[in-house]
Amino acid sequence: MRKLFLTLFYSGKSHVAPGTMGSLLALIIGAPILYFSAETLFLLAIFIGIIAVKQIDLDEKNGGTHDDKSIVIDELVGLWLAMGMAGFSLVGIFLAFGFFRLYDIWKPSYIGKIDREITGGLGVVGDDALAGLLAGISTLIIIKILSYTEIDLNCGLF
């Protein structure tokens with residue numbers, strides 16, 4: 001059951017870009033929640049993050065590799081934080097996803113420092129949580145800039 005949770009229904013077992021596959025599944029699961037409540041999605045990300053830290057610690061204690069590529073529950077945490085900050089709009093969702101993947105792969109500044117220096121579940125989840133918060137801020141900045149140009153951020157769909 002732990003592996004099902006940590007690999008986000010085995011999406012992290014993908015042979016191609018497991019982090020991106022986990023993020024895509026997280027987006028699909030999170031979008032309906034976001035539609036009803038950005039705050040709920042944000043708080044769920046925090047709650048799942050706390051559980052993930054403990055479960056990753058247990059996994060590593062039982063012989064699992066630190067920050068195994070198949071563990072992608074941290075991607076869900078980071079992306080849901082970004083989406084929760086951005087709110088529900090087509091542009092917001094795509095920007096949150098794009099910025100999150102960029103920061104998660106690139107690992108600038110403290111994101112990389114957390115990834116390199118903090119061990120256990122806190123390190124695994126912490127860098128993605130910070131990447132998600134930075135992605136959320138970046139998304140909000142771009143949405144604000146776009147709102148000055150009077151672009152319909154919902155693309156007329158919602």
Considering all heavy atoms of both residues, which atom of [X] and which atom of [Y] are nearest to each other, and what is their separation?
X: V124; Y: H66; value: CG2-CE1, 3.7 Å
X: G30; Y: M83; value: C-CE, 4.0 Å
X: G136; Y: A82; value: N-CB, 3.8 Å
X: A31; Y: F88; value: O-CE1, 3.8 Å

What pairs of donor and acceptor atoms, side-chain ones from residues 37-59 against any protein atom, are under 3.5 angstrom apart with sequence neighbours left out?
unit_1, atom_1, unit_2, atom_2, d
S37, OG, E39, OE1, 3.4
S37, OG, T40, N, 3.0
S37, OG, T40, OG1, 2.9
Q55, OE1, R2, NE, 2.8
D57, OD1, G121, N, 2.6
D59, OD1, K3, NZ, 3.1

With sequence neighbours excluded, tell me which residues meet side chain to side chain contact (heavy atoms under 4.5 Å, CB included) with [X].
X: L130; answer: Y110, I111, I114
X: L25; answer: L8, F9, S11, I29
X: T119; answer: none

query: Who are the salt bridge (Lys or Arg N to Asp or Glu O under 4.0 Å) partners of D67, not counting sequence neighbours?
result: none
query: Residues in salt bridge (Lys or Arg N to Asp or Glu O under 4.0 Å) with D104, at least two apart?
result: R101, K107
Between atom [atom1] of [X] and atom [atom2] of [Y], what is the distance when rounded to the nearest 0.5 Å?
X: L27; Y: T20; atom1: CG; atom2: OG1; answer: 12.0 Å
X: K113; Y: D127; atom1: NZ; atom2: CG; answer: 14.0 Å
X: I142; Y: I137; atom1: CD1; atom2: CD1; answer: 13.0 Å

- request: State whether the side chain of S89 and the backbone N or O of G92 hold a donor-acceptor pair below 3.5 Å, judged by distance alone.
  value: yes
- prompt: Looking at residues at least two apart in the chain, or sitting in another chain, which of them share a side-chain hydrogen bond (donor to acceptor under 3.5 Å, both in side chains) with S138?
  reply: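 With sequence neighbours excluded, S138 shows a side-chain hydrogen bond (donor to acceptor under 3.5 Å, both in side chains) to Y103, given in chain and number order.
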- prompt: Who pairs with S14 by side-chain hydrogen bond (donor to acceptor under 3.5 Å, both in side chains), at least two apart in sequence or on another chain?
  reply: none
With sequence neighbours excluded, give me every side-chain hydrogen bond (donor to acceptor under 3.5 Å, both in side chains) pair touching [range].
range: residues 71-84; value: none
range: residues 41-50; value: none
range: residues 41-51; value: none

query: Under 4.5 Å between side-chain heavy atoms, hopping through other hydrophobics if needed: is there a path connecting L81 to I28?
result: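 No, because L81 and I28 fall into different hydrophobic clusters, even though each may have its own neighbours under 4.5 Å.
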- prompt: Would you say I105 and V125 are hydrophobically clustered, going by side-chain heavy atoms of ILVMFWY under 4.5 Å?
  reply: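 No, I105 does not connect to V125 through the hydrophobic network.
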query: Where do L79 and F97 land on the side-chain contact (heavy atoms from CB on, under 4.5 Å) test, with the steps shown first?
result: CA-CA 6 Å; L79 182 59; F97 181 85; 3.9 Å; yes
message: Apply side-chain contact (heavy atoms from CB on, under 4.5 Å) to residues V72 and L76 and explain how you reach the verdict.
response: CA-CA 7 Å; V72 294; L76 177 139; over 6 Å; no
